[in-house]
Amino acid sequence: MKHIVLLGAALSTLVTGVQDAGWRVARTADSTSGGYADVGATGPEDAWVVRTGLPLLRWNGKTWRESGGTAVPYLVTATGPGEAWQFVESPARLDARHRHGGKWHEHPIAVQGTHAVAALATGPSDCWVSGLRLGARGMEDAVWHWSGKGWTEVHTPLPITDFAASSPADVWALSSLGAQSAGHAAAILRLTKAGWRQAPVPSISLPGRSRAGDAYAELHDIVALGPREAYAVGGISFILGEERIVREALVLRWNGKAWLRLPHRPAETAYTAAVPDGAGGLWLATRRQDRPDVLTRYTSGRWTQTAIGKNVTVTGLANVPGTRKMWATAETDEAGVARQLILTYP
C-alpha cells in the first residue's frame with residue numbers, strides 16, 4: 001500500500017494540525033484495513049503495528065508492509081534490534097512466536113483456552129506474559145516466564161495487567177482491573193529474587209461514594225527509565241449509571257526508594273499509555289472527557305500537550321530505542337468516515 005494520500009478537507013485539517021506540532025501522519029487506511037491496535041519498535045528500520053483481524057504491519061525503514069503470515073497476532077512486544085515476540089490465540093494453546101535472527105521461532109504455551117493480556121521481553125532469553133487460562137472454575141489469571149528453554153507458570157500475588165523494565169534486573173508490573181476489580185484497587189508489583197512482591201504505593205484520595213456511582217483509581221501503563229526512575233499513569237474515574245466519567249489524571253513516580261503521587265492532576269483527563277521520549281522524559285497518550293485525545297510530553301518537570309486533530313483516539317505509542325523518534329497509532333472519525341492512522345515524530 002502507498003504512503004499517505006490526503007483525502008478530503010477533514011483529513012487535511014487533521015494532518016496540518018499534526019505537522020504543526022512536530023508529529024506527522026505517516027500512513028492512513030480506511031476501516032476495512034483493520035483497527036490499528038498498537039505499535040512497537042526495535043530500531044530505526046524495524047517497527048510493528050498490530051491490526052485487529054489482520055496480519056502485522058512492519059516498517060523496514062522505508063515503507064510499511066504486511067508481515068507475519070496469515071495468523072492474526074493480538075499482542076506484540078519488542079525486545080531489541082530485530083527482536084520481538086507475538087502472541088496468537090488458538091483453541092488448544094497460546095502460540096508464542098519469537099523473532100530472532102530474521103525468522104519467527106514458535107514456542108507455544110501448551111495450555112488450552114489461553115489468552116494473553118500483557119507481555120514484556122528484556123532479552124532473547126527473558127520474556128514475561130500474563131493472561132487468562134481455562135481452569136476448573138472458568139477463566140483464571142496466570143503468568144508465564146520464558147527462560148530461553150521453555151515456559152514456566154509463575155505465581156503472582158495479584159493479576160498482572162502490564163509490565164515494564166529498564167533491564168532484566170529492574171522489572172515492574174501493574175495490577176489494575178479498574179471497575180472490574182474488587183474495591184477498584186490499583187497495585188504495583190516488583191520482581192525480586194524471592195519472586196513477585198507487591199510494592200507499597202501512596203494512598204490515593206477518592207471522591208466520596210454516592211448513590212449514583214463509585215469512584216476508583218486506575219493505572220493504565222507503567223514505564224521504567226532506570227532503577228531510580230519509573231512512572232505509573234492512569235486516572236480517577238466514576239461509574240455513573242452506564243457512563244464512565246474521568247475526573248482527573250493520576251501519575252505515580254518511583255524515585256529509587258518509594259512511589260509518590262505527583263501534584264500534576266489535570267481535570268477530566270486520564271493517561272492511557274506512557275513511553276520514553278528518548279531524551280530522558282516521557283510521551284503520554286492522553287484521553288480527555290468528551291474531547292479528542294492529545295499527546296502529552298513530560299520533560300524536565302514540565303508538561304505540554306500536543307493536539308493531533310479532531311475526533312482522534314490514540315491506540316498505541318512507542319519510542320524507537322536509542323533515538324528520539326516516536327511512532328503512534330490512532331483512529332479518527334471525520335464526517336462519518338473512519339480512518340486508521342500511523343503517526344511519527346519528529
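Side chains are part of it too, since the values below use all heavy atoms of this structure and drop only hydrogens, waters and symmetry mates.
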So [Y] and [X], do their side chains get closer than 4.5 Å, heavy atoms only?
{"X": "Trp59", "Y": "Arg27", "result": "no"}
{"X": "Arg65", "Y": "Thr63", "result": "yes"}
{"X": "Glu83", "Y": "Pro124", "result": "yes"}
{"X": "Leu282", "Y": "Arg297", "result": "no"}

For the pair [X] and [Y], find out whether any cationic side-chain nitrogen is under 4.0 Å from an anionic carboxylate oxygen.
{"X": "Arg244", "Y": "Glu218", "answer": "yes"}
{"X": "Lys310", "Y": "Asp333", "answer": "no"}
{"X": "Asp293", "Y": "Arg288", "answer": "no"}
{"X": "Arg261", "Y": "Glu248", "answer": "yes"}
{"X": "Glu153", "Y": "Arg133", "answer": "yes"}
{"X": "Glu66", "Y": "Arg58", "answer": "no"}

How about [X] and [Y]: are their ring centroids closer than 6.0 Å?
{"X": "His264", "Y": "Tyr298", "value": "no"}
{"X": "Trp23", "Y": "Trp283", "value": "yes"}
{"X": "Trp128", "Y": "Trp172", "value": "no"}
{"X": "Trp146", "Y": "His107", "value": "yes"}

Donor-acceptor pair, [X] side chain versus [Y] backbone, under 3.5 Å?
{"X": "Asn255", "Y": "Trp259", "answer": "no"}
{"X": "Arg339", "Y": "Ala330", "answer": "no"}
{"X": "Gln340", "Y": "Tyr36", "answer": "yes"}
{"X": "Arg137", "Y": "Leu134", "answer": "no"}
{"X": "His105", "Y": "His100", "answer": "yes"}
{"X": "Thr156", "Y": "Trp196", "answer": "no"}
{"X": "Arg93", "Y": "Ser90", "answer": "no"}
{"X": "Ser176", "Y": "Leu174", "answer": "no"}
{"X": "Asp38", "Y": "Val76", "answer": "no"}
{"X": "Thr114", "Y": "Leu94", "answer": "no"}

Next on the checklist: Using the rule side-chain contact (heavy atoms from CB on, under 4.5 Å), only one of Thr296, Val223, Leu317 pairs with Leu284; which is it?
Outcome noted: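 It is Thr296, the one option of Thr296, Val223, Leu317 that forms the side-chain contact (heavy atoms from CB on, under 4.5 Å) with Leu284.
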Next on the checklist: If the test is ring-ring contact (aromatic ring centres under 6.0 Å, His included), which one of Phe163, Trp144, Trp151 qualifies with Trp85?
Outcome noted: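 Of Phe163, Trp144, Trp151, ring-ring contact (aromatic ring centres under 6.0 Å, His included) with Trp85 is met by Trp151 alone.
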Item to check | Residue pair Arg324, Asp277: steps toward the salt bridge (Lys or Arg N to Asp or Glu O under 4.0 Å) verdict | outcome: CA-CA 6 Å; Arg324 299 186 182 188; Asp277 68 355; over 6 Å; no
Item to check | Evaluation steps, side chain to side chain contact (heavy atoms under 4.5 Å, CB included), between Ile236 and Phe238 | outcome: CA-CA 7 Å; Ile236 295 176; Phe238 285 105; over 6 Å; no
Checklist entry - Would you call the rings of Trp64 and Trp327 parallel, tilted or perpendicular if under 30° counts as parallel and over 60° as perpendicular? => result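 Taking Trp327 first and then Trp64, their aromatic rings stand perpendicular (interplane angle over 60°).
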Checklist entry - Of all residues at least two apart in sequence or in a different chain, which pass the side chain to side chain contact (heavy atoms under 4.5 Å, CB included) check with Asp290? => result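 Testing Asp290 for side chain to side chain contact (heavy atoms under 4.5 Å, CB included), a comparison that skips the adjacent residues, returns none.
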